[in-house]
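Here is the structure we will look at, set down as structure tokens.
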Number of protein chains: 2
Amino acid sequence: MTTPITRDDCAARDAADPLAPFRDEFVLPDGIVYLDGNSLGALPRATPARVAELVEREWGQRLIASWNDAGWWDKPRTLGAMLAPLVGAAADEVVVGDGTSANLFKTLVAALRLNPDRRVVVGEAGNFPTDLYVTQGVVELFDGASVRPADVDGGGLAAALEPGDVAVVLLSHVDYRTGALRDMAAVTELAHAHGALVVWDLCHSVGALPVALSQAGADFAVGCTYKYLNAGPGAPAFTYVARRHHDRARQPLSGWHGHARPFDFADDYEPAQGASRFLSGSQPLVAAAALEASLDLWARVDMERVRAKSLALTDLFLELTAPAGLECATPLEHARRGSQVSLRHPDGYPMVQALIARGVVGDFRAPDILRFGFAPLYLRYVDVHDAATALVEVVESGEWRDPRHARRAQVT
Amino acid sequence: MTTPITRDDCAARDAADPLAPFRDEFVLPDGIVYLDGNSLGALPRATPARVAELVEREWGQRLIASWNDAGWWDKPRTLGAMLAPLVGAAADEVVVGDGTSANLFKTLVAALRLNPDRRVVVGEAGNFPTDLYVTQGVVELFDGASVRPADVDGGGLAAALEPGDVAVVLLSHVDYRTGALRDMAAVTELAHAHGALVVWDLCHSVGALPVALSQAGADFAVGCTYKYLNAGPGAPAFTYVARRHHDRARQPLSGWHGHARPFDFADDYEPAQGASRFLSGSQPLVAAAALEASLDLWARVDMERVRAKSLALTDLFLELTAPAGLECATPLEHARRGSQVSLRHPDGYPMVQALIARGVVGDFRAPDILRFGFAPLYLRYVDVHDAATALVEVVESGEWRDPRHARRAQVT
């Protein structure tokens with residue numbers, strides 16, 4: 001039998017952690033262990049000043065001159081270039097703008113058009129709702145198109161591809177409920193071998209682990225920036241378009257910012273070169289300023305260290321919460337685990353509420369998932385120790401049965 | 001012959017102006033007369049604090065709890081309800097979110113679906129590019145659909161509707177180049193009489209004059225909030241859906257936020273009741289905070305006074321710039337004029353640059369439009385006097401021929 005890991009052991013690991021200094025670059029409320037950075041990342045300390053600079057100087061003092069002088073017009077591209085290394089892409093393959101839902105729509109339509117003899121979209125049963133709903137919205141626009149759900153983690157993808165009629169596969173890189181990480185290279189290769197394109201949803205992996213879109217041969221990807229990337233609630237999303245598709249990919253939200261020569265004010269649409277053709281209209285630059293502050297921070301981060309710490313934190317949490325006896329929904333194998341731990345219990349909702357009352361913030365996902373996200377830039381090993389201890393105490397004590405923790409209307 | 005209006009006359013009008021106190025609620029750079037509020041509105045003084053509150057307290061301190069506690073989840077609806085009176089709509093007919101281009105896309109597709117036996121979209125030749133380009137993107141998705149351009153101000157709309165095959169008409173309420181204001185009620189009635197629906201683009205009218213969507217019987221409308229509404233660069237746009245279409249209208253960007261019961265996390269999309277079904281994904285809340293600060297200000301504004309002052313300002317500018325001898329592209333008739341004055345000259349570009357060098361900020365729109373917007377909340381009659389005087393001097397002196405004013409790459 002191994003000796004239990006003590007809080008002092010965890011403090012020693014924090015002292016040796018090369019990422020530890022990043023914690024001071026975030027605002028973290030007192031008395032909270034925040035394990036919900038996979039829903040909304042914490043605020044970087046540099047962000048308020050960058051946002052204020054945009055609002056008060058660029059907008060307030062310079063007004064429309066900032067479209068040129070402050071680089072506003074090119075922000076979707078310059079922010080895309082800053083983000084590209086985090087997803088293993090070239091600078092000109094990523095643009096920032098719109099939300100994840102709109103970008104899913106654009107990339108799915110583009111993929112269907114690139115594969116015009118096929119009309120099946122393979123999705124995942126149980127994927128994040130917007131992925132499912134947008135897919136349904138897309139197939140309604142194409143005669144004869146349909147959705148074929150696949151049980152990806154159960155090995156059902158090959159069978160879904162087998163008929164040879166699949167135009168595109170939409171998959172989450174990390175499942176939002178279980179935290180299962182999919183093998184991007186293997187899945188992409190499998191899809192390509194069956195003549196299908198792949199759109200990757202990176203919402204739960206970007207900033208949590210190294211992503212290698214180009215190396216995996218991915219076709220398209222989308223993702224949000226408000227989870228592990230810490231760009232603020234509802235921050236602009238991004239779109240990746242593999243360079244080999246730059247000339248032919250056509251998305252339907254063909255707005256002014258995606259035009260080849262917008263300042264000709266021509267009557268006819270002509271798509272811009274490169275990933276810029278996936279842009280539509282003006283972007284909320286006040287929100288983009290917060291993303292820029294985050295990406296400035298991420299430029300100094302070694303993603304391999306993030307991954308190593310992420311796995312160490314989730315291993316630690318799994319080990320320390322084992323006495324609670326909850327079923328684990330997250331794969332134990334490192335290669336199949338994202339940066340979260342999901343535990344199952346029919347009374348998960350009041351358990352999460354009881355934890356929040358103790359200052360440990362995770363969340364609950366229906367029907368029975370207690371979900372804990374681990375953001376390696378601002379979480380310490382001692383935080384994980386404290387959170388795990390609290391969870392074991394909550395479950396063992398039965399304090400979650402207190403009526404004040406009972407289910408109520410929930411929005412996140 | 002009338003006596004010329006002097007600067008002192010203008011100062012007297014400012015002293016008597018009931019809207020004059022609003023000027024102090026805006027940040028305006030020293031030494032500038034800003035006549036580009038129709039492109040990017042000025043910064044309200046209250047905005048930086050509201051944005052900082054969202055960033056530092058709601059996000060930084062309260063994190064995901066703000067989705068409930070700070071009303072984040074309902075912002076698209078609460079901001080829509082705040083905006084509704086400015087467009088003559090009921091609170092539940094307007095939602096805020098996404099950009100103008102995406103909202104044009106959603107409403108045009110919804111309109112085509114509501115009118116399934118017709119496949120022609122009537123647009124305006126020379127409308128703002130994104131309106132043209134998005135329309136092209138939409139018709140590509142519907143078999144047999146096409147665009148029929150109409151010369152609206154030249155009386156061409158009736159002829160375009162005559163064949164009886166028009167599903168929907170997309171029109172700008174105020175033309176971005178000429179400033180011509182269209183008769184919303186008459187046009188809507190004409191379109192309806194021919195079995196067509198109408199989508200109104202309010203980008204250049206909302207906040208500039210009273211808009212009466214419900215009274216006019218409009219079907220759909222979209223608009224941005226960063227021009228006369230002063231919500232900041234690229235601020236979230238809005239969508240109006242007439243209540244009679246709430247049950248049947250179906251838009252294709254069917255994301256999580258538009259679902260009837262989003263927290264069921266169901267696999268199948270079911271549209272929400274009301275205008276909420278036009279929502280898609282999470283919105284950039286940092287940018288939405290700036291919009292909220294603006295709408296707080298607009299709640300205290302009497303739009304009839306805005307309209308009266310707008311017409312007085314544009315009348316004054318037209319009178320005082322007459323000696324420059326430039327052709328006027330803006331209708332002189334009040335009922336057909338928005339809140340801008342557009343003058344034509346082949347050398348309009350360097351003329352605008354020479355004016356900017358003097359601190360009078362207007363803009364140029366190809367091929368020959370000198371465009372001046374008048375935001376009644378922060379412009380004074382003396383500003384108009386100074387701007388007009390400068391324009392006459394620039395034209396008469398020929399200082400615009402200075403090579404430093406020559407054309408260069410332009411983005412706004």
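Below, read A as the first sequence line, B as the second, and so on, with proteins coming before strands; counting in each chain starts at 1.
- Heavy atoms of Asp131(B) lying under 4.5 Å from chain A are absent altogether.
- Ring geometry for His259(B) against Tyr133(A) counts as parallel: the plane angle stays under 30°, on a 0 to 90° scale with 60° as the upper cut.
- A distance of 7.0 Å separates CG in Asn230(A) from CH2 in Trp59(B), rounded to the nearest 0.5 Å.
- In this structure, CG on Leu141(A) lies 5.0 Å from CZ on Arg113(B), to the nearest 0.5 angstrom.
- Of the two parts of Ala289(B), neither the backbone nor the side chain holds a non-hydrogen atom closer than 4.5 Å to a non-hydrogen atom of chain A.
- A distance of 12.5 Å separates CG in Leu40(A) from CZ in Arg62(B), rounded to the nearest 0.5 Å.
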Run the side chain to side chain contact (heavy atoms under 4.5 Å, CB included) check on Ile64(B) and Val361(A) step by step: do they pass?
CA-CA 9 Å; Ile64(B) 52 153; Val361(A) 180; 4.0 Å; yes

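- Under a 3.5 Å cut-off, the side chain of Thr130(A) and the backbone N or O of Trp256(B) do form a donor-acceptor pair.
- From Asp36(B), atom CG reaches atom CG of Leu63(A) across 8.5 Å, with rounding to the nearest 0.5 Å.
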What verdict does the side chain to side chain contact (heavy atoms under 4.5 Å, CB included) test give for Val134(B) and Leu253(A), after you've listed the backbone C-alpha separation in whole Å, the side-chain angles of each residue and the deciding distance to 0.1 Å?
CA-CA 6 Å; Val134(B) 170; Leu253(A) 284 163; 5.6 Å; no

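- Only the side chain of Tyr34(A) has a heavy atom closer than 4.5 Å to any heavy atom of chain B.
- Within the model, atoms OH of Tyr176(A) and CZ of Phe265(B) stand 5.0 Å from one another, a figure rounded to the nearest 0.5 Å.
- Of the atoms belonging to Gln283(B), it is backbone heavy atoms, and not side-chain ones, that fall under 4.5 Å from chain A.
- Between the Gln136(B) side chain and the Asp267(A) main chain, a donor and an acceptor come within less than 3.5 Å of each other.
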Side chain to side chain contact (heavy atoms under 4.5 Å, CB included) evaluation trace for Ser282(B) with Tyr226(A)
CA-CA 10 Å; Ser282(B) 294; Tyr226(A) 49 79; 3.5 Å; yes

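- Proximity to chain A is absent for every atom of Phe26(B), based on heavy atoms less than 4.5 angstrom apart.
- Looking at Thr100(B), there are no atoms closer than 4.5 Å to chain A (heavy atoms on both sides), in backbone or side chain.
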